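Report on the structure given below.
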Amino acid sequence: MPPIFALVDCNNFYASCERVFNPRLEGKPIVVLSNNDGCVVARSNEAKALGIAMGVPEFQIRPLLRAHQVQVFSSNYTLYGDMSQRVMETLEQFCPDLEIYSIDEAFLSLSGFTSRNFTEYGRTIRTTVKRWTGLPVSVGIAETKTLAKIANRVAKRTPDTNGVFDLLACSDRNALGRVPVEDVWGIGRNLTRLLNQHGIMTALQLREVDDPWIRKHLGIVGLRLVMELRGVSCLDLEECPAPKQSLTCSRAFGQLISTLPNMEEAISSYTSRVAEKLRRERLAATVLTVCLTTNEFKEGPHYSNALTLKLPVATDSTSDLIRSALKGIRAIYRDGYHYKKAGVILTGLVAASQAQADLFDYQDRRKSKRLMSALDAINGRWGADTLHYASSGIRKAWKTQFQHRSPAYTTDWAALPIVTA
DNA sequence: TCTGGGGTCCTAGGACCC
DNA sequence: TCTGGGGTCCTAGGACCC
């Protein structure tokens with residue numbers, strides 16, 4: 001039985017999440033900004049129509065935003081994460097064979113559904129997700145993941161598809177001929193330049209290039225991609241995500257940091273965040289990297305550096321990780337710079353349950369485990385950072401800024417939306 | 001004044017081993 | 001002049017994704 005994939009993708013996900021709880025925004029241009037309200041990371045269709053590009057710094061388009069009364073939001077990851085979960089739970093009802101590919105999209109395997117009318121089924125999925133979550137989605141259906149991505153793109157851009165497009169039910173030459181090569185999944189900026197230089201402008205042209213050329217210029221990944229365009233499925237549905245290989249917390253500061261004590265606070269705070277993620281994934285780390293950098297967009301003296309430390313034992317304890325992170329940051333911190341950003345990266349991850357004990361490890365591991373459980377439980381119940389390490393600081397002048405954040409409508413009783421007649 | 005964050009995979013080259 | 005063959009592991013860098 002040939003594989004059949006559906007790609008379900010939320011339209012303008014972050015912007016749509018904001019609209020669900022604020023219906024007055026219907027039909028109005030919306031943008032959602034990155035951390036520190038720096039760049040545009042999501043746009044409603046109306047905002048796209050104004051020519052607002054993805055990733056553009058907010059300050060560069062401020063007059064445009066004002067002139068068109070664009071509604072501006074800071075990122076509200078708590079809200080988006082919760083809405084994502086609701087969408088995925090809805091999709092699971094339609095198809096248990098599901099790969100959650102990102103916060104706003106999932107691949108479904110429809111291979112067992114051969115007797116169905118896929119377009120109809122896609123419509124049912126779409127209307128149900130809309131009814132249950134308030135979010136609009138598009139559905140693309142095809143024989144491979146890469147083609148399903150393309151089908152989804154067609155569904156999004158062609159109004160008379162009603163948000164569902166089945167590539168199996170039409171001439172794919174026709175569809176692929178209209179897709180520029182840069183819109184193919186796996187073709188980024190650099191490969192686009194290379195392909196264009198060789199006169200390859202569309203997905204259809206890319207599909208017809210011979211294998212040795214692809215192998216030579218695009219490597220094994222490119223060859224797989226081209227096979228997928230030809231309808232040969234090379235990328236399977238991955239229902240159980242592989243365990244993480246790295247975890248990062250890196251952030252630009254709300255205010256530049258110019259003293260070591262402030263940098264230590266920030267690093268300590270970021271380490272706490274990444275340690276929480278580590279425990280949520282039930283992993284322990286054996287390697288820790290700290291990094292810091294000045295503002296690369298600015299004139300003036302630049303400095304950026306990173307240091308990787310091998311941890312004495314695999315650990316998921318915030319105390320252990322902060323100790324190493326501070327040691328690292330003190331080693332690479334240089335006076336006389338204004339720092340813009342820092343980060344903590346954990347690698348060499350192993351399952352927490354089978355973390356190798358060290359012969360000379362004199363700490364009481366059970367005690368530390370109970371402490372971390374209590375810490376996570378309290379912060380889970382009463383809100384992030386209710387309980388935190390003193391080394392993370394109190395005032396936190398460097399904290400990330402969110403000037404336009406909407407309430408956590410779905411995850412905080414105090415922020416429940418109120419409906420009035 | 002103001003420019004995000006968090007991931008993955010592949011490849012080439014060097015060190016080292018038999 | 002002429003300098004094997006094959007394997008593994010690690011790292012840095014480059015490509016991509018959302």
Side-chain angles (χ1 to χ4, degrees), chain A residues 7-14 31-43 52-63 65 72-77 80-81 84 99-107 145-146 149 152-153 181-195 215-225 228 234-235 238 241-256 270 273-274 277-278 280-281 287 289 291 293-300 306 308 310 338 340-349 400-404:
Chain A
L7 175 64
V8 182
D9 190 321
C10 299
N11 301 350
N12 314 325
F13 182 57
Y14 293 177
V31 299
V32 179
L33 304 176
S34 62
N35 279 0
N36 289 310
D37 299 329
C39 297
V40 171
V41 293
R43 307 152 294 156
I52 297 171
M54 184 70 171
V56 68
E58 183 269 348
F59 74 91
Q60 287 178 5
I61 54 165
R62 202 165 291 161
L65 295 175
V72 177
F73 291 91
S74 304
S75 294
N76 186 341
Y77 298 114
Y80 310 151
S84 171
E99 173 186 343
I100 298 172
Y101 177 69
S102 76
I103 192 162
D104 73 334
E105 57 190 302
F107 287 102
K145 285 179 161 183
T146 306
K149 276 266 186 189
N152 191 286
R153 178 185 181 276
V181 86
E182 63 261 39
D183 285 359
V184 174
W185 193 35
I187 302 295
R189 244 200 353 252
N190 292 289
L191 294 180
T192 298
R193 190 162 14 94
L194 175 83
L195 291 169
R215 179 68 183 87
K216 176 153 180 265
H217 292 92
L218 306 188
I220 195 81
V221 180
L223 198 53
R224 206 152 50 201
L225 186 158
E228 285 248 322
C234 304
L235 304 169
E238 287 170 32
K244 288 249 189 299
Q245 299 183 28
S246 71
L247 289 168
T248 304
C249 177
S250 79
R251 250 160 242 182
F253 309 122
Q255 256 174 53
L256 297 181
Y270 293 2
R273 286 289 88 74
V274 76
K277 290 192 206 175
L278 187 67
R280 218 175 301 135
E281 302 275 339
V287 177
T289 301
C291 55
T293 180
T294 53
N295 190 343
E296 56 195 347
F297 294 102
K298 283 281 181 65
E299 299 279 318
T308 298
K310 179 107 184 64
H338 301 296
K340 177 65 187 167
K341 184 176 170 178
V344 180
I345 304 155
L346 302 180
T347 46
L349 304 182
T400 314
Q401 301 292 305
F402 299 92
Q403 306 259 354
H404 311 280

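As the structure is a computational prediction, the values presented were derived from the model and not from experiment.
- Nearest to the side chain of A:Lys244, among B:dG4, B:dG7, C:dC18, sits B:dG7.
- Using a 4.0 Å heavy-atom distance criterion, A:Arg251 is classed as a sugar-phosphate-only contact.
- Contact check for A:Leu33 versus A:Ser74: no side-chain heavy atoms found under the 4.5 Å cut-off.
- A:Glu238 places its CD atom 8 Å from the P atom of B:dC9, with the value rounded to the nearest Å.
- Side chains of A:Leu194 and A:Leu218 form a contact here, defined as non-hydrogen atoms less than 4.5 Å apart.
- To the nearest angstrom, C1' of C:dC18 lies 10 Å from CG of A:Asp9.
- Within 4.0 Å of A:Asp104, counting heavy atoms only, lie sugar-phosphate atoms of the nucleic acid but no base atom.
- For B:dG7, one of the phosphate oxygens OP1 or OP2 lies less than 4.0 angstrom from a side-chain nitrogen or oxygen of A:Thr248.
- The side chain of A:Asn295 contributes an N or O atom lying less than 4.0 Å from OP1 or OP2 of B:dT3.
- Among B:dC9, B:dT1, B:dG4, the nucleotide with an atom closest to any side-chain atom of A:Phe297 is B:dG4.
- As a whole-Å value, the separation of A:Asn35 CG from B:dG6 P is 8 Å.
- Using a 4.0 Å heavy-atom distance criterion, A:Leu247 is classed as a sugar-phosphate-only contact.
- One atom, CD1 of A:Ile100, and another, C1' of C:dC17, lie 17 Å apart when rounded to the nearest Å.
- Atom CD in A:Gln403 sits about 14 Å away from atom P in B:dC2, given to the nearest Å.
- As judged by a 4.0 angstrom heavy-atom cut-off over every strand, A:Asn36 is placed among residues making no nucleic acid contact.
- In this structure, A:Val32 reaches neither bases nor backbone, as no heavy-atom distance under 4.0 Å exists between it and the strands shown.
- Here B:dG6 presents its C1' atom at 14 Å from CZ of A:Arg280, a figure rounded to the nearest Å.
- Of the candidate nucleotides B:dG6, B:dT3, B:dC10, B:dT3 has the atom nearest to the side chain of A:Phe59.
- A heavy-atom distance below 4.5 Å is found between the side chains of A:Leu247 and A:Lys244.
- Checking C:dC18, B:dC9, B:dG6 against every side-chain atom of A:Lys149, the shortest atom distance belongs to C:dC18.
- Of the side-chain N and O atoms in A:Gln245, one or more sit less than 4.0 angstrom from OP1 or OP2 of B:dC9.
- Taking every side-chain heavy atom of A:Ala252 into account, B:dG4 is the closest of B:dG6, B:dC10, B:dG4.
- Comparing A:Cys249 and A:Lys340 against DNA chain B, the residue whose closest nucleotide sits nearer the 5' end is A:Lys340.
- In this entry the distance linking CG of A:Leu194 with C1' of C:dG14 reads 14 Å, nearest Å.
- Put simply, the residue from A:Arg153, A:Lys149, A:Lys145 that forms a salt bridge (charged side-chain N to carboxylate O under 4.0 Å, His left out) with A:Glu105 is A:Lys149.
- Among the nucleotides C:dC18, B:dG7, B:dG5, the one closest to the side chain of A:Lys341 is B:dG5.
- Here B:dC9 presents its C1' atom at 8 Å from CZ of A:Arg224, a figure rounded to the nearest Å.
- Of the possible polar contacts, none joining the A:Thr347 side chain to the A:Ser246 backbone as a donor-acceptor pair under 3.5 Å is found.
- A:Phe402 has its side chain out of reach of A:Phe73: every pair of non-hydrogen atoms, C-beta onward, lies at least 4.5 Å apart.
- Looking at which nucleotide of DNA chain B each of A:Lys277 and A:Cys39 is closest to, the 5′-most match is held by A:Cys39.
- Proximity of A:Ser250 to the phosphate of B:dG6: a side-chain N or O atom is located under 4.0 Å from OP1 or OP2.
- You'll find the side chain of A:Ile52 reaches within 4.5 Å of the side chain of A:Leu65, heavy atoms only.
- Stem list for DNA chain C (at least 3 consecutive Watson-Crick or G-U pairs, distances under 3.5 Å): B:5-18 with C:5-18.
- Among the atoms of the strands shown, only primed sugar atoms or phosphate atoms (P, OP1, OP2) are found under 4.0 Å from some heavy atom of A:Ser246.
- Residue A:Leu191 is in sugar-phosphate contact alone, with no base atom involved, counting any heavy-atom pair closer than 4.0 Å across all strands shown.
- Not a single donor-acceptor pair under 3.5 Å links the side chain of A:Gln401 to the backbone N or O of A:Gly254.
- No engagement by A:Glu296 is indicated, since no non-hydrogen atom pair under 4.0 Å with the nucleic acid exists.
- Residues A:Pro243 and A:Glu281 are not in side-chain contact: their nearest non-hydrogen atoms beyond the backbone lie 4.5 Å or more apart.
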